[in-house]
Amino acid sequence: ADGKMAAADEGKAEGTMAAAEEGKAEGASYPDRSTPPILEVALGKDFVDIPSNADESPAWLLLVGVMSGGLRFHRFGVARSGRISGRSGDTLQIFHDLKKRQGCSRSARAAMASDGRSLCLLQRVEKAQTEALQLQLPAEEELPAEVLLPPLDPSMRGRCVPISADGHIWAVSASYCSATSFRLVLQRLVIQEEEGVAGQHWEQVGGPFIQHCKVELSHPMWSPDLLQGYAVLPGQGPDGGTLILLSLGNRLFFTFNCSAPNSGWTKVTHTSKDKYYVPILGRGVYAQESNAVYMVGKNVIYAYKLKLGHEETSLKLDPPVEICFPSVTRNTAHSFLTHLGRGVMCCVWICVGLPCWLDHLHAIITTFHLGPEPSDLKLLHSTSRQVDMLLPMKHLDEFEFCFLQEYKDDKALPPQAHEEGVLLHDRCRS
């Protein structure tokens with residue numbers, strides 16, 4: 001039946017799945033979290049459930065941004081079938097190293113430009129502006145090119161996040177005005193041609209949006225920043241345009257209509273008084289298949305079902321559905337997910353709990369196929385990879401999983417579908 005998986009028989013090889021329980025009570029207005037769906041993925045255990053006649057042609061490349069003394073880009077490929085390229089236990093390909101610039105903090109956020117061939121990076125500079133950088137992704141086997149962008153305006157205080165939406169790159173910041181209020185500032189990267197040369201600058205969109213509310217940062221999984229994350233919702237605007245859904249640390253959500261920038265920010269309505277509205281951490285992803293926004297926190301994927309009445313203009317959110325991964329160690333997992341297209345979603349967990357973290361880390365990479373309901377996730381492929389750091393770490397505080405970003409590349413090498421590799425090296429396994 002849809003949304004369920006048959007229990008794996010006893011004695012089957014490692015890599016089989018436990019049964020996924022139903023996460024929604026029949027007739028309930030919002031999901032019943034007492035029995036959340038459970039999917040079994042684990043470090044060192046591979047799982048494949050892809051038909052033999054599936055399309056194995058390369059479709060997507062994914063960049064894994066990891067900070068350790070500098071920003072390192074790792075890369076791997078995913079086929080149209082959802083199969084992950086390479087062999088289990090292999091080291092993730094090192095795509096590019098971005099040295100830490102003078103005064104830059106260790107944090108970095110990225111968004112893909114509308115051309116699909118360049119990445120906008122924002123790094124906070126200590127006691128100054130936020131630095132912007134463009135990383136151009138080559139079509140062939142060439143080295144990526146780094147191009148400095150104009151710095152953001154000093155009014156962009158606190159954490160700044162780049163967002164790719166409606167054909168533009170936007171930058172948003174959220175900061176406290178007082179103990180009972182905060183403000184949002186939004187800028188857009190504008191490209192202009194002057195005497196045959198393309199010039200770029202950041203342009204503020206509307207005035208600062210100030211909101212009075214109770215500041216609440218009590219959930220242990222939340223980051224200390226007011227701005228937690230976002231998601232881009234194409235086709236969800238009142239006029240069929242694109243919305244930016246912003247998530248703050250006080251359980252508040254706001255939307256911005258890219259087609260009507262002068263309308264400002266609109267508060268999102270909760271359909272329940274349930275206080276378990278967790279924030280979107282980093283980049284959440286919208287899936288049209290289930291009309292839901294997905295994000296991952298530690299060992300749980302959360303899915304927010306979107307609602308918009310015919311005569312209403314404000315978005316509504318049900319409490320999130322939870323999909324649990326009990327074999328992923330909650331306290332040592334850093335994670336992001338992304339929606340690739342064709343109903344395929346990919347999640348990467350980087351585990352920092354093994355004793356070998358001084359030299360390298362380990363990642364669990366998993367692909368799913370989305371169903372019509374948020375809890376309908378079919379596991380396609382799960383495998384493990386080694387992640388080498390740019391510089392040796394003395395403490396785990398030096399590490400940060402910054403982003404996971406997909407892009408299309410038809411020239412990618414086809415995945416090695418049937419090769420078996422070493423799941424974990426002996427010293428890592430022990």
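Residue numbers run from 1 in the order of the sequence given.
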Let me see the working for V268 and L245 under side chain to side chain contact (heavy atoms under 4.5 Å, CB included), right down to the final yes or no. CA-CA 9 Å; V268 176; L245 174 65; 3.8 Å; yes
Test side chain to side chain contact (heavy atoms under 4.5 Å, CB included) on L380 and F368 and set out the steps. CA-CA 5 Å; L380 296 174; F368 314 89; 5.7 Å; no
Determine, stepwise, if the pair R385 / D90 fulfils salt bridge (charged side-chain N to carboxylate O under 4.0 Å, His left out). CA-CA 5 Å; R385 296 291 186 271; D90 283 353; 5.5 Å; no
Run the ring pair (Phe, Tyr, Trp, His ring centres under 6.0 Å) test on F403 and F73 for me, step by step, so that the C-alpha distance in whole Å, both residues' side-chain angles and the decisive distance to 0.1 Å come before the verdict. CA-CA 10 Å; F403 55 83; F73 296 80; 5.7 Å; yes
Verify salt bridge (charged side-chain N to carboxylate O under 4.0 Å, His left out) between R109 and E400, making sure each step is shown before the conclusion. CA-CA 11 Å; R109 298 293 178 263; E400 183 179 359; 3.2 Å; yes
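The backbone N or O of I350 lies less than 3.5 Å from no partner atom in the side chain of H334, so there is not a single donor-acceptor pair. Panel note: side chain W170, backbone A165; a donor-acceptor pair is recorded below 3.5 Å.
If you look at F95 and H74, their ring centroids are not closer than 6.0 Å. When ring centroids are compared, F336 and F401 come within the 6.0 Å threshold. A ring-centre distance under 6.0 Å is not found for Y286 and Y294.
The residues R80 and E56 are annotated as not salt-bridged, no charged nitrogen and carboxylate oxygen being separated by less than 4.0 angstrom. Comment: E406 does not engage R342 in a salt bridge, judged by the lack of any side-chain N to carboxylate O separation of less than 4.0 angstrom.
Looking only at atom types and distance, the side chain of T271 has a donor-acceptor partner in the side chain of D318 under 3.5 Å away. A donor-acceptor contact under 3.5 angstrom links the side chains of D46 and S88, judged on distance only.
Of all the heavy atoms in L92 and R75, the pair that sits closest is CD2-O, 4.2 Å. The nearest pair of heavy atoms linking N257 to S263 is CB-OG, 4.2 Å. Of all non-hydrogen atoms in A108 and C402, the two that sit nearest each other are O-CB, 3.3 Å. In terms of heavy atoms, P374 sits closest to K305 at CG-CD, 3.8 Å. Minimum interatomic distance between S259 and D239 (heavy atoms only, all atoms of both residues): CB-OD2, 3.4 Å. Nearest heavy atoms, Q187 versus L152: OE1-CG, 3.9 Å.
Across S173, C160, P162, a single residue satisfies side chain to side chain contact (heavy atoms under 4.5 Å, CB included) together with T130, and that is C160.
Relative ring orientation between F253 and Y277 is described as perpendicular, the plane-to-plane angle rising above 60° on a 0-90° scale split at 30° and 60°.
In this structure, W60 CH2 and K408 NZ are separated by 8.0 Å, a value rounded to the nearest 0.5 Å.
Contact check for L184 versus L246: side-chain heavy atoms found under the 4.5 Å cut-off.
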